[in-house]
There are 4 protein chains.
Amino acid sequence: MPASRTAASESDQGSNVEALPTEPRRPGRPRDAGADEAILTATVELLADGGIAGLSMDLVAKRAGVGKATIYRRWASKEELVLDALKTAPPTIPTPDTGSVRGDLVAWAIALAKRFRDAPANDVLPHLIEAAVFDDRVRESLSAYLHGRQDTVRTILERGVERGELAAADVELVIDVLIAPFLYRRLMTGAPITTSFAKRLVDFVLGRPR
Amino acid sequence: MPASRTAASESDQGSNVEALPTEPRRPGRPRDAGADEAILTATVELLADGGIAGLSMDLVAKRAGVGKATIYRRWASKEELVLDALKTAPPTIPTPDTGSVRGDLVAWAIALAKRFRDAPANDVLPHLIEAAVFDDRVRESLSAYLHGRQDTVRTILERGVERGELAAADVELVIDVLIAPFLYRRLMTGAPITTSFAKRLVDFVLGRPR
Amino acid sequence: MPASRTAASESDQGSNVEALPTEPRRPGRPRDAGADEAILTATVELLADGGIAGLSMDLVAKRAGVGKATIYRRWASKEELVLDALKTAPPTIPTPDTGSVRGDLVAWAIALAKRFRDAPANDVLPHLIEAAVFDDRVRESLSAYLHGRQDTVRTILERGVERGELAAADVELVIDVLIAPFLYRRLMTGAPITTSFAKRLVDFVLGRPR
Amino acid sequence: MPASRTAASESDQGSNVEALPTEPRRPGRPRDAGADEAILTATVELLADGGIAGLSMDLVAKRAGVGKATIYRRWASKEELVLDALKTAPPTIPTPDTGSVRGDLVAWAIALAKRFRDAPANDVLPHLIEAAVFDDRVRESLSAYLHGRQDTVRTILERGVERGELAAADVELVIDVLIAPFLYRRLMTGAPITTSFAKRLVDFVLGRPR
DNA sequence: GATTAACCGAGACGGTACGTCACGTCTTTAA
DNA sequence: TTAAAGACGTGACGTACCGTCTCGGTTAATC
């Protein structure tokens with residue numbers, strides 16, 4: 001469900017078996033589904049080489065073989081388009097399973113640290129953060145996007161709670177505390193994000209190792 | 001020391017043995033000292049109403065009654081100017097002194113939470129974050145700026161270490177963990193930054209209250 | 001007979017001797033006769049307030065409650081539609097009858113001058129003139145439209161010839177000479193079109209009054 | 001004096017010898033005189049092949065090696081630019097001198113008829129006529145441009161008056177009557193503009209040949 | 001006192017992207 | 001086959017801002 005955030009969001013999850021009124025089906029020529037894909041693909045490609053800086057709507061349109069108006073019919077702004085493009089190719093970190101919460105979190109944190117170190121075009125997130133200030137839609141999309149990325153940690157923590165390894169404490173807070181420092185260093189202070197940093201962070205959050 | 005980052009850095013640490021008071025003093029008309037102030041003032045004002053979005057170099061120049069070249073002679077880019085403008089009006093949170101580390105941190109955290117909630121249109125930091133991606137000088141300035149804001153926490157923590165309340169452990173990490181979640185919520189997830197959140201964060205970092 | 005210039009010209013002057021009522025009657029849904037009228041009405045209205053500038057095919061379609069394709073099925077271009085719309089509300093000047101050629105022409109010329117002075121925003125003719133350059137069909141329609149407007153003068157002149165007031169000379173040339181200066185001033189030089197101008201023009205064409 | 005119709009028209013004909021106040025000389029970087037020329041040249045060229053239809057501001061800018069803003073700083077619209085470009089290459093008809101008014105006018109009229117028949121890109125005048133409706137500046141420029149073209153006829157007529165060949169009658173009216181029919185046929189009715197037509201027109205205006 | 005060099009305000013410069021608009025065509029489902 | 005609805009590719013529009021450059025003129029320290 002990549003697009004149509006501009007148009008009404010018609011029938012989002014209706015997977016009921018009972019023969020619902022068969023969808024409204026608006027009149028007129030339907031949107032070209034291929035265009036969605038072409039546009040998103042073009043966006044992802046341009047984002048890959050050149051980042052946000054190398055991405056203009058004219059370029060996206062040209063590469064996708066599409067009119068600019070066709071883009072603006074589907075996405076209200078460059079940023080909403082980019083957010084959708086990012087969802088298209090989600091580089092989520094796989095959920096590790098080492099048997100212990102500590103092991104899982106360390107594995108996840110090290111992978112995340114590596115990703116932050118390697119990421120070539122980390123200008124996208126900063127740009128979106130800026131855009132979110134001016135546009136609530138972007139704000140929401142960005143928020144949703146990040147929440148998605150938090151799920152790995154949530155899974156690990158909840159698994160630990162089930163196993164009795166962890167008190168069912170303030171999971172949301174822990175998630176923030178685990179993720180925020182990575183972004184803080186990456187985007188703001190510029191401090192290095194080493195493997196050691198990742199380990200120390202996990203240790204700090206779980207309490208010193210026994 | 002607001003200006004002259006573009007021009008030669010005249011008298012960097014002045015290690016001349018003879019203690020000459022003469023200064024290098026380049027020939028030609030000296031820079032107008034008033035211009036620095038006028039420019040920064042104009043920048044701060046425009047930033048106040050309209051944020052980064054309502055700030056263009058043409059506008060700053062016009063409002064400061066100054067040529068654009070005069071600005072670029074002193075600051076290399078819009079972002080460096082903005083960073084200097086922010087330093088001009090430093091809204092640091094005063095270091096509390098309640099007698100205990102926990103008390104100090106809670107007081108500080110609640111004040112910080114309030115500030116984040118009240119901040120009118122905090123689009124400046126996001127913009128700088130974005131700009132830092134493309135310009136290392138902005139990156140450095142931003143980093144320095146944030147480190148300055150961390151000093152309050154550092155002071156509190158070191159005071160605690162001296163008093164023996166705290167292990168001299170990983171102060172820098174703790175600082176990150178205390179500050180990062182605020183910015184993470186503010187800029188990225190958009191999650192609310194309540195007083196309760198501030199308290200829980202401090203409690204989590206120091207270990208549960210006994 | 002306002003429409004169907006694009007489609008086959010079905011039954012042009014209906015001279016079938018046998019009076020067959022059968023009609024060719026093509027298969028499929030017949031054209032909605034009301035649509036012609038709705039479209040022309042919408043066009044005239046939009047032309048009235050806003051002139052050609054405020055007239056887009058999308059607007060006409062919306063106001064007529066009609067699909068754009070329905071318009072293009074009947075008229076080949078915006079300009080042909082406009083030309084038909086103009087014919088719909090023909091603002092011809094009534095043929096005066098004062099008993100003498102000079103009297104008739106003066107009356108006609110003064111009325112025409114008044115019309116040119118009063119015309120609110122005569123941007124339609126200029127637009128058609130421009131469009132005619134690129135499209136021969138518009139050219140022809142425009143030509144026919146103007147010839148229609150010349151008929152008043154032709155009637156007056158021919159009446160004069162019959163009465164023996166006038167030599168049967170170069171009627172077409174005289175028509176041009178009588179009409180062209182009005183349009184020349186109106187559209188090109190912008191010179192004023194006064195009652196005096198109208199009279200002097202007629203006098204000049206007929207020879208000085210005795 | 002090709003450009004600066006947007007800016008104040010400062011000191012138009014001041015060729016007085018007596019050391020006038022040396023011109024105001026506005027502050028700031030002066031307009032690049034070369035740009036005027038480059039832009040006009042590009043416009044003329046693009047007009048030559050492609051007419052108004054093949055002329056877009058982006059194209060002019062690119063060909064002139066100039067930013068679009070530089071054009072809009074000098075001319076308020078595409079049409080004003082085109083008018084100036086036309087003045088640059090004025091295709092006036094040379095004033096004939098055959099010894100008699102009738103001879104001169106016939107020669108002029110035949111030449112004009114030929115020009116109208118040959119003119120390849122007669123889409124410019126129609127376009128300007130249309131543009132003049134919306135923009136008084138264009139209206140004035142167009143009017144001035146046409147008045148310039150009328151001078152040939154005026155010269156011929158006045159010469160005739162001096163020689164006593166002609167009554168000092170209504171020269172302006174005669175000019176209109178001589179020129180308007182050409183444009184009327186060319187732009188509106190589309191009637192042919194033959195040599196015969198030219199001769200008959202002159203004969204009609206001067207009275208039948210004796 | 002003259003020279004010199006860096007400064008000053010003003011504003012024009014080339015470039016790039018923006019988001020909008022209208023054109024005339026095409027593609028749906030329904031009548 | 002026509003209808004309404006509306007999406008489609010194209011391409012121009014005029015604006016805004018960037019950071020640089022160019023004027024004539026000013027303001028010191030040096031010659």
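Proteins get letters first, then strands, A, B, ... in listed order; numbering begins at 1 in each.
- Annotation: of the two residues near DNA chain E, C:S77 and A:S77, the 5′-most nearest-nucleotide partner is A:S77.
- Atom CG of C:L46 is separated from atom P of E:dA22 by 12 Å (rounded to the nearest Å).
- In this model, the phosphate group of E:dG11 is not approached by any side-chain N or O of D:R31 to a distance below 4.0 Å at OP1 or OP2.
- To the nearest 0.5 Å, the span separating OG1 on D:T43 from CG on D:L81 amounts to 3.5 Å.
- With hydrogens and angles ignored, no donor-acceptor pair under 3.5 angstrom links the side chain of A:K68 to the base of F:dG11.
- Within the structure, a side-chain polar atom (N or O) of A:T70 is placed less than 4.0 Å from OP1 or OP2 of F:dG9.
- Place D:A35 and C:E79 on DNA chain E by their nearest nucleotides, and D:A35 ends up nearer the 5' end.
- If you take NE2 of B:H127 and C1' of F:dC18, they are 12 Å apart, rounded to a whole angstrom.
- Of the side-chain N and O atoms in D:R74, one or more sit less than 4.0 angstrom from OP1 or OP2 of E:dC13.
- Every residue meeting the side-chain hydrogen bond (donor to acceptor under 3.5 Å, both in side chains) condition with A:E45, not counting sequence neighbours, appears here in chain and number order: A:R63.
- Distance, B:D36 CG to E:dC8 P: 9 Å, rounded to whole Å.
- Between C:R73 and F:dT2 there is no side-chain polar atom (N or O) within less than 4.0 angstrom of OP1 or OP2.
- Rounded to an integer number of Å, the gap from CG of D:D135 to C1' of F:dG14 is 14 Å.
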Should D:I52 and C:V133 be marked as a side-chain contact (heavy atoms from CB on, under 4.5 Å) after you check the CA-CA gap, both sets of side-chain angles, and the distance that decides it? CA-CA 11 Å; D:I52 281 274; C:V133 175; over 6 Å; no
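- Listed by first and then second residue, the side chain to side chain donor-acceptor pair (under 3.5 Å) pairs involving residues 126-136 of chain B are A:H127-B:E130, A:E130-B:H127, B:E79-B:H127 (not counting sequence neighbours).
- Across the protein-nucleic acid pair, C:E130 atom CD and E:dC23 atom C1' stand 14 Å apart, rounded to whole Å.
- Looking at B:R29, its side chain has no donor and acceptor atom pair within 3.5 Å of the base of E:dC8.
- Along DNA chain F, the nucleotide nearest to C:A69 and the one nearest to B:K78 differ in position, and the one closer to the 5' end is contacted by C:A69.
- Taking a cutoff of 4.0 Å between a charged side-chain nitrogen and a carboxylate oxygen, D:D36 and D:R74 qualify as a salt bridge.
- Using a 4.0 Å cutoff on non-hydrogen atoms, the parts of residues 56-66 of chain B near DNA chain F are B:S56, B:M57, B:D58, ordered by number.
- Taking atom OH of C:Y72 as the reference point, atom P of F:dA7 lies 17 Å away to the nearest angstrom.
- By the salt bridge (Lys or Arg N to Asp or Glu O under 4.0 Å) test, C:K68 is found to be paired with C:D58, residues two or more places apart in sequence or in another chain being considered.
- Atom-to-atom, CG of A:D32 to P of E:dT27 comes out at 10 Å; the value is rounded to the nearest Å.
- For C:I71 and E:dT25, the CD1 to P distance is 13 Å, given to the nearest whole Å.
- Taking the nucleotide of DNA chain F with the nearest heavy atom to each of D:A53 and B:A53, the more 5' of the two is matched to D:A53.
- Atom CG of residue D:L55 and atom CG of residue D:L47 lie 5.5 Å apart, to the nearest 0.5 angstrom.
- Between atom CD of residue D:E80 and atom OH of residue D:Y72 there is a gap of 11.5 Å, rounded to the nearest 0.5 Å.
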